[in-house]
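Working notes for the structure below.
FYI, side chains are in, hydrogens and waters are out, and symmetry mates aren't considered; it's all heavy atoms of this structure.
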Amino acid sequence: MKRQFYILFLILPIFCWTQTSSSQKSLLLSNASPESVGMCAERLARIDRVCEQAIANGDIPGAVVLVARKGKIVHHKAFGMADEAGKEPLRTDHIFRIASQTKAITATAVMMLWEEGHFRLDDPISRWIPEFKNPKVLKKFQYSDTTYTTVPAEREITIRHLLTHTSGIGYGFIDPDERFQMLFQKEGVREVSSITPLTTAENIKRVAQVPLHFNPGEKYLYSMGLDVLGYFIEIVSGMSFDEFLQTRLFEPLGMNDTHFYLPPEKADRLVALLEPAGKSWKKSTIQGTFDPNYPLSGSKTICSGGAGLSSTAKDYATFLQMYLNGGELNGTRFLSRTTVQSVMGNHIGDLWGNGGSYYGLAFSVVTKKGQDKGGEGSIGTFSWGGAFNTQYFADPKEEIIGVILKQTRNAWGDKTGWQFKQLVGQAVDD
């Protein structure tokens with residue numbers, strides 16, 4: 001018994017590390033005039049006109065926008081409505097389902113544990129999740145009964161593969177290949193939430209039963225790799241994924257409105273997920289395994305590392321500001337500047353992008369070609385978005401953050417995503 005206690009005593013500190021203090025002490029995001037940080041208020045007002053026009057045209061029901069520069073919020077406004085009835089005006093503190101914006105947060109958590117020396121990026125995931133040992137690639141598929149044949153994969157899936165969407169794992173009901181949609185459904189995989197009590201661990205073990213699209217490392221395919229890494233974080237840290245993010249990232253960053261499942265007192269701040277209904281809007285009737293009432297309903301047992309979080313514009317801007325600061329905010333060090341440099345590096349060559357950008361470990365990153373094209377920001381600008389019409393970017397050279405949150409599906413006429421980024425750039429006035 002004494003020996004077991006001694007071993008436990010040695011192991012516990014590994015899993016109880018918290019964030020460290022930093023010799024740097026950047027300030028939390030605060031409000032300031034545009035002119036004080038080299039932005040033009042008159043030009044920023046063009047964002048307002050574009051959003052108002054998009055709402056008048058029926059392209060979107062509403063939007064929240066946030067622009068920050070040099071750690072100062074210079075434009076933070078809400079436009080339009082938060083519900084299908086048009087009775088609740090959007091506010092800047094409304095909470096949105098950020099879907100795939102979750103991925104960068106999960107990747108950050110992975111790199112925080114990587115910094116602690118628990119693993120290397122090219123370690124096989126099967127060391128922690130044995131169900132992924134000896135992966136197989138789909139060869140033949142029978143539509144009539146979903147039976148199939150496979151061939152052994154040429155290599156194991158690594159942590160880097162999962163971070164960069166090169167693992168060969170598919171993506172359930174949004175997979176571009178109908179065969180994999182059917183196979184994920186057959187295994188009972190849930191991409192975001194579950195009505196029945198299904199844990200994150202059980203869900204990921206189901207993912208492991210589905211064959212791969214291709215040999216790991218061969219191609220880029222948007223996938224549930226970050227969901228797998230959410231479970232991996234639980235194993236490595238000894239904490240639930242939700243608890244890890246809350247204690248190691250959200251609380252020290254002050255991201256108080258970012259959750260997998262909203263506390264009851266915040267439920268009335270969740271924006272409705274809407275889709276077009278003629279010239280008006282209705283609550284989404286999305287099909288498949290996604291519950292449009294998430295994150296308020298269901299068993300609340302799955303924490304999706306790929307698409308599960310809800311947040312506000314200010315919370316997400318705070319997360320991005322930490323990256324612009326080289327991994328530090330308010331005197332707390334979340335990632336080393338050298339780690340941030342690696343996160344922003346090109347890890348998959350030409351497997352993704354057209355030269356105007358590449359995929360790093362958490363974001364799309366702009367190249368010189370992308371910068372020169374215009375409207376994409378400076379070299380090194382990193383960005384992504386979410387399936388429910390949310391977008392963000394951060395430009396390290398200009399020290400600019402832009403977040404625009406909407407909450408729609410099938411809003412095909414919406415141009416505000418690219419317009420917003422373009423209009424933020426033209427407002428620089430120094």
Exercise for the section: Go through the steps to decide whether Tyr359 and Trp384 satisfy the test ring pair (Phe, Tyr, Trp, His ring centres under 6.0 Å), and finish with yes or no. Expected result: CA-CA 10 Å; Tyr359 197 82; Trp384 207 248; 5.3 Å; yes
Charged N to carboxylate O below 4.0 Å: is that the case for [X] and [Y]?
X      : Y      : answer
Asp59  : Lys415 : no
Asp177 : Arg179 : yes
Glu116 : Arg248 : yes
Arg120 : Asp122 : no
Arg333 : Glu328 : no
Asp123 : Arg160 : no

Please check this pair: side chain of [X] against backbone of [Y], looking for a donor-acceptor N/O pair closer than 3.5 Å.
X      : Y      : result
Thr367 : Gly355 : yes
Glu156 : Asn134 : yes
Thr108 : Ala104 : yes
Asp395 : Ile400 : no
Asn346 : Gly349 : yes
Asp414 : Thr416 : yes
Arg269 : Asp93  : yes
Gln101 : Ile98  : no
Tyr294 : Gly308 : yes
Gln142 : Tyr148 : no

Practice task
Under the salt bridge (charged side-chain N to carboxylate O under 4.0 Å, His left out) rule, what do Glu275 and Arg409 come out as? Steps first, then yes or no, please.
Solution key: CA-CA 5 Å; Glu275 60 184 35; Arg409 292 186 64 251; 3.2 Å; yes
Contact check, side chains of [X] and [Y], non-hydrogen atoms, under 4.5 Å:
X      : Y      : answer
Thr381 : Val365 : no
Asn410 : Pro276 : yes
Ser167 : Ile157 : yes
Leu226 : Thr102 : no
Thr166 : Glu218 : no
Val64  : Phe79  : no
Met224 : His165 : no
Lys406 : Thr390 : no

So with a 6.0 Å cut-off around [atom1] of [X], is the heavy-atom count from everything else above 12?
X      : atom1 : value
Lys219 : NZ    : no
Leu28  : CG    : yes
Asp350 : CG    : no
Glu178 : CD    : no
Gln209 : CD    : yes
Arg91  : CZ    : yes
Lys314 : NZ    : no

Closest heavy-atom contact between [X] and [Y]?
X      : Y      : value
Leu324 : Glu399 : CD1-C, 4.0 Å
Tyr261 : Pro295 : CD2-O, 3.6 Å
His259 : Gln246 : ND1-NE2, 3.7 Å
Leu90  : Ala63  : CD1-N, 3.2 Å
Thr318 : Leu253 : CG2-O, 3.4 Å

How about [X] and [Y]: does a side-chain donor come under 3.5 Å of a side-chain acceptor?
X      : Y      : value
Thr147 : Asp145 : yes
Asn256 : Asp315 : no
Thr92  : Lys77  : no
Thr150 : Lys139 : no

Practice task
Give me the one residue out of Val343, Thr106, Thr158, Leu361 that meets side chain to side chain contact (heavy atoms under 4.5 Å, CB included) with Leu163.
Solution key: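 The side chain to side chain contact (heavy atoms under 4.5 Å, CB included) with Leu163 is passed solely by Leu361 among Val343, Thr106, Thr158, Leu361.
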Practice task
Decide ring pair (Phe, Tyr, Trp, His ring centres under 6.0 Å) for Phe319 and Tyr316; before the verdict, give the C-alpha distance in whole Å, the side-chain angles of both, and the deciding distance to 0.1 Å.
Solution key: CA-CA 5 Å; Phe319 170 69; Tyr316 210 84; 5.4 Å; yes
Exercise for the section: Evaluate the side chain to side chain donor-acceptor pair (under 3.5 Å) criterion for residues Lys186 and Thr146: first the C-alpha distance (whole Å), next the side-chain angles of each, then the deciding distance (0.1 Å), finally the verdict. Expected result: CA-CA 8 Å; Lys186 181 179 180 180; Thr146 68; 3.2 Å; yes
Can you confirm if the aromatic rings of [Y] and [X] lie within a centre distance of less than 6.0 Å?
X      : Y      : result
Phe180 : His213 : yes
Phe232 : Trp114 : no
Tyr323 : Phe363 : yes

Practice task
Would you please classify the geometry between the Trp128 ring and the Phe119 ring as parallel, tilted or perpendicular, with 30° and 60° separating the classes?
Solution key: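 The arrangement is perpendicular - the two ring planes meet at more than 60°.
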Handout entry: Chi angles and distances behind the side chain to side chain contact (heavy atoms under 4.5 Å, CB included) call for Asn203, Val189
Key = CA-CA 6 Å; Asn203 196 47; Val189 174; 4.0 Å; yes
Problem - Selection residues 299-312 - residue pairs positive for side-chain hydrogen bond (donor to acceptor under 3.5 Å, both in side chains), sequence neighbours left out - result: Asp227-Ser304, Thr258-Ser311, Ser299-Thr301
When rounded to the nearest 0.5 angstrom, what is the spacing between [atom1] in [X] and [atom2] in [Y]?
X      : Y      : atom1 : atom2 : result
Tyr220 : Leu351 : OH    : CG    : 10.5 Å
Leu229 : Phe241 : CG    : CZ    : 8.5 Å
Phe382 : Ser357 : CZ    : OG    : 14.5 Å
Cys303 : Glu243 : SG    : CD    : 11.0 Å

Practice task
Decide side chain to side chain contact (heavy atoms under 4.5 Å, CB included) for Leu138 and Leu212; before the verdict, give the C-alpha distance in whole Å, the side-chain angles of both, and the deciding distance to 0.1 Å.
Solution key: CA-CA 6 Å; Leu138 183 65; Leu212 305 179; over 6 Å; no
